[in-house]
Amino acid sequence: MGQVILRPPAPADEDRFLSAMRASRRAHRPWLYPPLDSEAYRGYLARLDGERKFGYLACRGSDDEIVGWLNVSEIVRGALQSAFLGYGGVAAHAGQGYMTEAVRLVVREAFGALGLHRLEANIQPGNLASIALARRCGFEQEGFSPRYLKVGGRWRDHERWAIRADSLPRATRRRAI
C-alpha cells in the first residue's frame with residue numbers, strides 16, 4: 001500500500017487522461033464509457049461541482065502516472081448521508097493493486113472529510129473484476145436492480161454493492177486523505 005495518491009482531475013490532465021481511457025477502451029466496454037474526447041472530458045470536469053459530485057484521479061505516487069479514476073456522486077445529505085461510487089482503472093496497470101488502494105482511499109475520504117454514512121457502487125453482473133474489487137474493499141451486495149442504468153445506450157441490470165461508515169474500524173473512518 002501507499003503506492004497511490006488521489007487528486008482532483010484538472011484541465012492539464014486532459015491529454016494523459018484521454019490517452020489512458022482510449023488505450024483502456026477494450027477493457028472498459030461494455031461496463032463503462034469514460035470520456036474519450038476533449039469535449040467529453042471538459043463536460044466531465046464541469047459536472048464535478050464539489051457539492052454533489054467529486055472526482056478523483058488515482059495516480060501512482062512514484063511518477064504521477066494515471067492508474068484510474070473515481071467519482072463520488074449524487075450525494076444526498078440530511079438523514080441519508082449517502083452517495084454513489086463509480087470507478088474505472090487504466091488497463092495497462094490492471095492487476096497491480098492500484099485500484100484496490102484507490103477505492104479504499106476514496107471510501108476513507110467519503111466517510112471522513114465528506115461526512116457520508118453510506119456509499120453504493122452499482123455493478124453490472126458480468127463485470128467480475130469490478131465485483132471482486134468492491135468485495136475486497138469491504139462492500140457487501142445488497143440487491144439486484146433490473147434495467148437500472150443506461151450504459152452505452154442500453155438499459156442494463158446492476159447489482160447494488162454498498163459499504164457503511166459504521167462497518168469500518170473507527171481508526172479507518174477518522175483518517176481522511
Side-chain angles (χ1 to χ4, degrees), residues 1-75 82-116 119-124 127 129-139 149 151-152 161-163 168 172-173 175-177:
M1 289 306 210
Q3 300 179 78
V4 173
I5 58 166
L6 296 179
R7 62 178 177 79
D13 297 310
E14 181 178 321
D15 290 340
R16 289 187 318 133
F17 181 87
L18 293 176
S19 176
M21 294 307 108
R22 289 180 189 128
S24 301
R25 183 187 296 195
R26 183 174 259 162
H28 290 162
R29 301 284 165 85
W31 318 119
L32 57 107
Y33 290 74
L36 295 175
D37 61 42
S38 292
E39 182 179 353
Y41 182 75
R42 290 181 194 132
Y44 166 65
L45 292 182
R47 290 187 297 277
L48 301 176
D49 64 10
E51 283 188 35
R52 293 200 57 214
K53 185 170 185 174
F54 291 82
Y56 305 90
L57 290 182
C59 299
R60 190 167 48 202
S62 62
D63 60 4
D64 201 40
E65 180 79 16
I66 297 172
V67 297
W69 56 275
L70 306 95
N71 299 311
V72 174
S73 63
E74 302 305 323
I75 296 172
S82 183
F84 294 106
L85 174 66
Y87 51 80
V90 173
H93 303 293
Q96 299 178 49
Y98 295 130
M99 286 305 293
T100 300
E101 185 176 351
V103 169
R104 288 176 177 159
L105 288 170
V106 168
V107 166
R108 280 196 346 227
E109 175 79 355
F111 296 152
L114 298 181
L116 297 176
L119 203 53
E120 181 175 319
N122 291 287
I123 305 169
Q124 293 174 59
N127 191 344
S130 187
I131 290 169
L133 173 59
R135 188 176 279 129
R136 266 193 316 277
C137 293
F139 285 72
L149 289 173
V151 180
W161 290 79
I163 190 169
L168 298 178
T172 302
R173 285 195 304 262
R175 281 183 284 165
I177 57 173

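Since the structure is predicted, the reported quantities are computational estimates derived from the model, not experimental observations.
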Given side-chain contact (heavy atoms from CB on, under 4.5 Å), test Gln96 with His93 step by step and report yes or no. CA-CA 6 Å; Gln96 299 178 49; His93 303 293; 4.1 Å; yes
In Å, rounded to the nearest 0.5 Å, how long is the span from OH of Tyr56 to CG of Leu70? 9.0 Å
Does a side-chain N-to-carboxylate-O contact under 4.0 Å join Glu65 and Arg16? no
What residues, two or more places apart in sequence or in another chain, satisfy side chain to side chain contact (heavy atoms under 4.5 Å, CB included) together with Arg47? Tyr44, Lys53
Is Asp49 salt-bridged to Arg52, going by a charged N under 4.0 Å from an acidic O? no
Could you state the interatomic distance from CG (Leu119) to CH2 (Trp161), rounded to the nearest 0.5 Å? 14.5 Å
Could you tell me whether the side chain of Thr100 reaches within less than 4.5 Å of the side chain of Cys137, counting heavy atoms only? yes
Shortest non-hydrogen contact between Tyr98 and Gln3, atoms and distance: CE2-OE1, 3.6 Å
For Ala10, is there any backbone N or O sitting under 3.5 Å from a side-chain donor or acceptor partner on Asp13? yes
Of all heavy-atom pairs linking Val4 and Ala58, the shortest is CG1-CB, 3.9 Å
Please tabulate, for the side chains in residues 82-90, all donor-acceptor contacts under 3.5 angstrom to protein atoms that are two or more places apart in sequence or on a different chain.
from  : atom 1 : to     : atom 2 : distance (Å)
Ser82 : OG     : Arg118 : O      : 3.4
Tyr87 : OH     : Ser130 : O      : 3.1
Tyr87 : OH     : Ser130 : OG     : 2.8

Can you tell if the side chain of Arg25 reaches within under 4.5 Å of the side chain of Tyr33, non-hydrogen atoms only? no
Show, in sequence, the C-alpha distance, side-chain angles and deciding distance for Phe54 and Glu109, and conclude whether the side-chain contact (heavy atoms from CB on, under 4.5 Å) test is met. CA-CA 11 Å; Phe54 291 82; Glu109 175 79 355; over 6 Å; no
Compare every heavy atom of Cys59 with every heavy atom of Val67, then report the nearest pair and how far apart it is. CG2-N, 4.2 Å
